[in-house]
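Below, read A as the first sequence line, B as the second, and so on, with proteins coming before strands; counting in each chain starts at 1.
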Protein chains: 2
Amino acid sequence: MEIEDQIALLVEHINKDVTLSKTGIKKLSSILQFKTLHKKELLIEPGSTANTMNFIVQGAMRSYYLDENGQEHTLQLGIEQWWINDLYSYLSGKASRMYVQALERTWLIQLPKTELEELYHHVPEVSNFFRIKIQSAYVALQERVIENMSEDAYERYNNFRNTYKNIEQRVPQYIIASYLGVTPEFLSYLRKKHS
Amino acid sequence: MEIEDQIALLVEHINKDVTLSKTGIKKLSSILQFKTLHKKELLIEPGSTANTMNFIVQGAMRSYYLDENGQEHTLQLGIEQWWINDLYSYLSGKASRMYVQALERTWLIQLPKTELEELYHHVPEVSNFFRIKIQSAYVALQERVIENMSEDAYERYNNFRNTYKNIEQRVPQYIIASYLGVTPEFLSYLRKKHS
DNA sequence: ACGGTTTCTTAAGTTAGCTTAAGTTTATTC
DNA sequence: GAATAAACTTAAGCTAACTTAAGAAACCGT
């Protein structure tokens, strides 16, 4: 995809929440970086530090955590026009304990933290935009804590299918299981039972 | 407790993360409100909107969610010098779906949202302080999602005891169970088994 | 189009955590 | 300081979800 088109997509996305001026768009454009990941490639891994915000132009990604037993726990999934990151590492500046991985060949627009924070002073709408995004990340997490505590696996699976309608088909089932917090075998069993 | 002493506590707490000037402290002081809650009294309930930040001067509080089966799920616990709120409602301005309740007779300092946001412009250290607090709230939530997915109930109970050392003794066990996501009976069983 | 890898399914046996119910201890209140 | 309410324990029976293992299906890559 042309870089111009990629930028247009990002601007359109941001304009859903705030209103960017012409000069705001120009200044924003000047800090953007473009990156392509092939399937299974890692953007972030434990020990590295997240120093960009990452917008998915095309493709699919996930962030996951590997526990002491080697079990994967998917925290976030995203496709076109979602943001993907380890916000913990990005916000705190500390080393990540997570993996952020491409699930397909993926095109990203990256906003480096230093430049972005500088940009906040000149284009406050961008600052507002990310404040809104981080708030909704918080809300989504809280939603998930509540859901995990009050619903059984099949209810959570149904919620997932509603929330991530377009994503379900593109992501292997064992990753969905690791997002829901069940084994792939058990998810397979649930699907059969309720079909 | 004297109001002067309460303010001193709050200022001392904020000064752990940022540095307030004399005039900053003065401006901050001018927007504070003071509230006392008796045991079991609700600060926020479903339908109401959180429009203050709440600092616990003395006492203990929790936030919890009531699911469709009438089951309580405790999301946050706090004692002296913790902040307690439904951040979702505060940040979004939408009606809360949670309860925020005093577990003992509790003294709060409240910072009304409108005044606080105005204050941000004049005392940016206060703005920084709350940005830091909201980030750590996010991090704590993510920690919890990971923990709930990768640890069994007894491990989570031990984590809880480490993280909330001083709180455990002051909070009924059934509330701790509702925080951990297990029944009170099962927590009781675990405690006996490992004692 | 074939061979290998990755993903998904099925099923039997097991376990962590739940439900119900009754009894006991600990707090509150008047 | 009794009376009542709130919180905690114990135990039996149950169920959701896990483990292990093996086979089937889908999906690459050359």
Side-chain angles (χ1 to χ4, degrees), chain A residues 37-42 59-60 62 64 67-74 77 99 101-106 147-161 167-195, chain B residues 37-42 59-60 62 64 67-74 77 99 101-106 147-161 167-195:
Chain A
L37 298 166
H38 55 73
K39 189 171 176 172
K40 298 208 172 165
E41 189 175 349
L42 293 172
R62 68 156 170 161
Y64 67 97
D67 75 18
E68 316 76 49
N69 311 315
Q71 212 100 37
E72 288 181 6
H73 302 282
T74 298
L77 288 167
Y99 297 85
Q101 182 193 45
L103 301 172
E104 311 171 350
R105 188 152 171 65
T106 296
E147 233 179 74
N148 282 336
M149 291 201 299
S150 49
E151 293 175 2
D152 69 19
Y154 188 65
E155 288 173 324
R156 295 203 304 277
Y157 176 55
N158 269 331
N159 285 160
F160 174 86
R161 295 172 78 181
I167 298 191
E168 198 197 352
Q169 296 75 3
R170 285 164 69 176
V171 173
Q173 208 166 287
Y174 77 90
I175 287 181
I176 297 176
S178 88
Y179 178 94
L180 296 174
V182 300
T183 58
E185 294 85 355
F186 189 57
L187 179 55
S188 176
Y189 160 79
L190 286 178
R191 281 161 52 88
K192 186 183 184 194
K193 183 176 158 199
H194 291 93
S195 65
Chain B
L37 298 166
H38 56 73
K39 189 169 175 172
K40 299 207 172 164
E41 190 174 349
L42 294 172
R62 68 158 169 159
Y64 68 97
D67 74 19
E68 317 74 50
N69 310 315
Q71 213 99 36
E72 287 180 6
H73 301 283
T74 298
L77 288 167
Y99 297 85
Q101 181 193 45
L103 300 173
E104 310 171 352
R105 189 154 172 63
T106 296
E147 234 179 71
N148 281 335
M149 290 201 300
S150 50
E151 293 176 2
D152 69 18
Y154 188 67
E155 289 173 323
R156 296 204 304 278
Y157 175 55
N158 270 332
N159 285 161
F160 174 86
R161 294 171 77 181
I167 298 190
E168 199 196 353
Q169 296 76 3
R170 284 163 69 175
V171 173
Q173 208 166 289
Y174 78 90
I175 287 181
I176 296 176
S178 88
Y179 178 95
L180 296 174
V182 298
T183 58
E185 293 86 354
F186 189 57
L187 179 54
S188 177
Y189 160 79
L190 286 178
R191 280 161 52 87
K192 186 183 184 193
K193 182 176 158 197
H194 291 94
S195 66

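Across all strands shown, B/K39 has heavy atoms under 4.0 Å from sugar-phosphate atoms exclusively, and none from any base.
No more than 12 heavy atoms of other residues, nucleotides or ligands sit less than 6.0 Å from atom OH of B/Y189.
Comparing B/L187 and B/K40 by the nucleotide of DNA chain D that holds the closest heavy atom to each, the one mapping nearer the 5' end is B/K40. Each of A/I175 and B/A153 has a nearest nucleotide on DNA chain C; the 5'-most of these lies closest to A/I175.
The interatomic distance linking A/R105 (CZ) with D/dG29 (P) rounds to 12 Å, in whole Å. Per the geometry, OH belonging to B/Y157 stands 17 Å off C1' belonging to C/dG17, to the nearest Å. Rounded to whole Å, atom P of C/dA27 lies 12 Å from atom CD of B/Q173. Between the C1' atom of D/dA17 and the CD atom of A/E155 lies a distance of 15 Å, rounded to the nearest Å. Atom CZ in B/R156 sits roughly 7 Å away from atom P in C/dG17 (whole-Å rounding). In this structure, A/F186 places its CZ atom 13 Å from C1' of C/dA16, rounding to the nearest Å. Taking atom NZ on B/K192 and atom P on C/dA16, their separation rounds to 17 Å, with Å as the unit. Rounded to whole Å, the distance from CZ on A/R170 to P on C/dT6 is 21 Å.
Of the candidates D/dA7, C/dT7, D/dT9, the closest approach to any side-chain atom of B/E185 belongs to D/dT9.
Closest approach of A/I176 to A/L187, counting heavy atoms only: CG2-CD2, 4.1 Å.
At the phosphate of D/dA17, neither OP1 nor OP2 sits under 4.0 Å from any side-chain N or O atom of A/T183.
Looking at B/Y157 and B/E168, their side chains do bring a donor and an acceptor atom within 3.5 Å of each other.
Among A/F160, A/Y174, A/Y64, the one residue that satisfies the ring-ring contact (aromatic ring centres under 6.0 Å, His included) test with A/Y179 is A/F160.
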